[in-house]
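Order of the sequence lines fixes the chain letters, A, B, ..., with proteins taken first and strands second; residue numbering starts at 1 for each chain.
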Amino acid sequence: MAEPTLPIIDIRNVSKSFQLQGQKIDALKDANLSIRQGEFITLIGASGCGKSTLLRIIAGFEKPTSGEALMWGKPITEPEPQRGMVFQDYALFPWLSVRDNIAFGPTSRGVPKAQAREIVERFVEMVGLQRFADAYPHQLSGGMRQRVAIARVLANEAEVVLMDEPFGALDAMTRERLQEELLEIWARTKLTVVFVTHAIEEAIFLADRVVVMTPGPGRIESDNPMLLSRPRDIASPEFNAIRREMSGKLHSHHGKKAA
Amino acid sequence: MALAETSTSLPAGGAAATAPSPWPERLKSLGLALVVPGLLLVFWHIATTRRWTRLIPTPYETAEYMVDFVAGGIYNDAFSATAHIHLLASMSRVFGGFGLAVLAALPLGLLIGRIPLARQTLDPFFQLMRPIPVTAWLPLSMILFGLGPRSAFALVFLGAFFPILLNTIFGVKNVDPKLFEAASMLGCKGNAQFFRVVLPAALPSIFTGLRLGLGLAWFVIVVGEMTGVPQGLGAVIMDGRTLSRTELVICGMIIIGIAGFISDRIVVAIGNRLLRWSPNHHG
């Protein structure tokens, strides 16, 4: 139905402002971003740059003050299963086992029981949690919880996976492992991923395009295609050169602010 | 990748909470639990055998009377071998009043917690009624429901009602907003969220309310049975008081304490079973 050239997500002149104690805060100003199916995009920036706001607008949790957010050319008006969100603090249902958390989406949409069970087993396996399928979230480590959150979104046939600093609360080792697993899943499924982070290295390691955002008001500073071949070596000189370049862009607004 | 982590056992928190503690541990905690009652018993014994007061019977006399109250065969008076009758009468009022309170407070709490209009209309009224002690309701309740068991029911109901109501409201209002977002992006929206998100998320708080409510139902049974009922542990205590039979009063108190304790343990056991998933719900 969709033409091959139509972007899966299209953000056109999107602005979002809040009222805070009688003051108007521009969380996001005139953002333009077009995402093609299968792309891995990272949004990076300091706090207050609007990266989470942009992600929440794509998810449908918030509406733009002006401009429009489209999926397959149609306006995004509410949260929907084809855009799955992975939260930093997991937001798993604590009363459901790993298996039932993953089954939540399919059963909500009325998928027949036998079929839902099949789907659940497939994704439990994909994220390597077979032995913990009956455990409750509070019994799992942070890394395992985030795997459940990812599986929960994938089991619901999400086309776009939105990730809000998903690995921010994890220790460095677990984070690296989950980054690699995520890339593996992405390569296998050809999902579209929009990934918010404040870690430059993570952004470069994962992305096809790194979108740099700056605060006050939140805006997109630049959109940078990552041409490094995968798998990427974070210790290579090429990687370092890009890291330096991105770091420069991230801090470009500091001068402005000080003046 | 995933294999390294999944080959290890569950992290400590989960496993430790469910594993039964070994026998020496249990004996130790039982022993510690008996220290204060034991000391109290010794003090009671000393105080009464040394005649610091003549109005309170010694522990031995009380124990003897307890046997008579439960099984008879020692004094053979009007109260001998009647404990079970009074206990059953009180239990029917406690559980009956408690049950009615659950039936009323649970739906009301869900309503008030979930629907702003219901909150604005009903919450101020209940906040105003809440501080009025059950004892104060006694005369009105006797006028409205007459002398006898119906009044007792009503008073127990009032005692159990508020903790259940308030904790249900609290539980429903304090569902993590992220869970609503998670549910709606997974395709569960609007009213469907009530059963799949609100109710389970509020369950720990509702259980706290049930536990407090049942505790209070036992707590107010004596007042409830001041309404002129012939049977019941509260009635026995009131009779003991009028007849200056302190041993009767003490026996009634002990039985209420034990019955309340056992019913609390049952609620806690049910709660722990239903709330296995909750890391902070092990009473």
Side-chain angles (χ1 to χ4, degrees), chain A residues 56 59-61 78-97 100-111 125-132 135-144 147 149 152-153 155-158 162 173-174 177-178 180-181 184, chain B residues 1-19 168 171-172 174-208 270-282:
Chain A
R56 291 176 59 79
F61 292 143
E78 57 173 355
E80 282 167 306
Q82 62 261 40
R83 293 181 310 275
M85 182 86 147
V86 174
F87 300 89
Q88 177 174 11
D89 48 6
Y90 325 116
L92 298 175
F93 303 109
W95 56 89
L96 297 179
S97 66
D100 291 340
N101 260 287
I102 299 175
F104 190 96
T107 49
S108 287
R109 289 181 301 128
V111 172
E125 202 187 315
M126 182 183 271
V127 293
L129 287 173
Q130 296 94 317
R131 293 193 38 201
F132 299 93
Y136 289 104
H138 83 269
Q139 298 172 305
L140 304 177
S141 68
M144 290 156 92
R147 286 200 186 95
R152 177 171 75 168
V153 161
N156 217 13
E157 291 170 16
L162 307 167
M173 301 269 283
T174 311
R177 200 160 57 205
L178 275 169
E180 278 164 22
E181 283 180 39
E184 227 170 83
Chain B
M1 35 171 278
L3 294 170
E5 197 170 347
T6 51
S7 62
T8 59
S9 63
L10 283 177
T18 47
T168 304
V172 171
N174 285 280
V175 181
D176 180 0
K178 276 262 157 51
L179 295 182
F180 290 119
E181 289 187 347
S184 56
M185 70 88 175
L186 291 169
C188 172
K189 288 173 197 172
N191 291 335
Q193 289 187 346
F194 182 77
F195 288 103
R196 301 205 66 189
V197 181
V198 176
L199 219 48
L203 207 56
S205 190
I206 291 174
F207 247 96
T208 303
I270 295 171
N272 282 348
R273 186 155 178 79
L274 280 177
L275 302 170
R276 273 186 317 246
W277 54 268
S278 174
N280 39 22
H281 207 280
H282 292 279

Visitor: Taking the side chain as every heavy atom from C-beta outward, state whether A:Trp95 and A:Asp100 have any atom pair closer than 4.5 Å.
Guide: no
Visitor: Before you tell me yes or no, could you show the steps for B:Trp277 and B:Leu275 under side chain to side chain contact (heavy atoms under 4.5 Å, CB included), namely the whole-Å CA-CA distance, both residues' side-chain angles and the distance that decides it to 0.1 Å?
Guide: CA-CA 5 Å; B:Trp277 54 268; B:Leu275 302 170; 3.8 Å; yes
Visitor: Is the terminal nitrogen or CZ of A:Arg147 (NZ for Lys, CZ for Arg) located under 6.0 angstrom from the six-membered ring centre of A:Phe132 and within 45° of that ring's axis?
Guide: no
Visitor: Of all residues at least two apart in sequence or in a different chain, which pass the salt bridge (Lys or Arg N to Asp or Glu O under 4.0 Å) check with A:Arg56?
Guide: A:Glu62, B:Glu181
Visitor: Heavy-atom distances under 4.5 Å only: say whether A:Glu78 touches chain B with side chain, backbone, both or neither.
Guide: side chain
Visitor: Under the side chain to side chain contact (heavy atoms under 4.5 Å, CB included) rule, collect the residues that match up with A:Pro79, sequence neighbours excluded.
Guide: A:Phe61, B:Ser184, B:Met185
Visitor: Tell me every residue that passes side chain to side chain contact (heavy atoms under 4.5 Å, CB included) with A:Asp89, counting only those two or more places apart in sequence or in another chain.
Guide: A:Phe87, B:Lys178
Visitor: Name, in order of residue number, those residues of residues 188-195 of chain B that have a heavy atom at a distance of less than 4.5 Å from a heavy atom in chain A; otherwise write 'none'.
Guide: B:Cys188, B:Lys189
Visitor: Which region of A:Leu92, side chain (C-beta onward) or backbone (N, CA, C, O), has a non-hydrogen atom less than 4.5 Å from a non-hydrogen atom of chain B, or is it both or neither?
Guide: backbone
Visitor: Among A:Pro106, A:Gly105, A:Ser97, A:Ala149, which residue forms the greatest number of heavy-atom pairs with chain B at distances under 4.5 Å?
Guide: A:Gly105
Visitor: What distance do A:Arg177 atom CZ and A:Met173 atom CE have between them, rounded to the nearest 0.5 Å?
Guide: 7.5 Å
Visitor: Name the region of A:Glu80, side chain, backbone, both or neither, that has any atom closer than 4.5 Å to a heavy atom of chain B.
Guide: both
Visitor: Please tell me if the side chains of B:Leu186 and A:Phe93 come closer than 4.5 Å, counting only heavy atoms from C-beta onward.
Guide: yes
Visitor: Side chain, backbone, both or neither: which part of A:Thr107 has a non-hydrogen atom closer than 4.5 Å to chain B?
Guide: both
Visitor: Under 4.5 Å, counting heavy-atom pairs only, tell me which of A:Pro94, A:Gly84, A:Ala59 racks up the most with chain B.
Guide: A:Pro94
Visitor: Answer yes or no on whether B:Arg196 is positioned over the face of A:Phe104, meaning its NZ or CZ is under 6.0 Å from the six-membered ring centre and within 45° of the axis.
Guide: yes
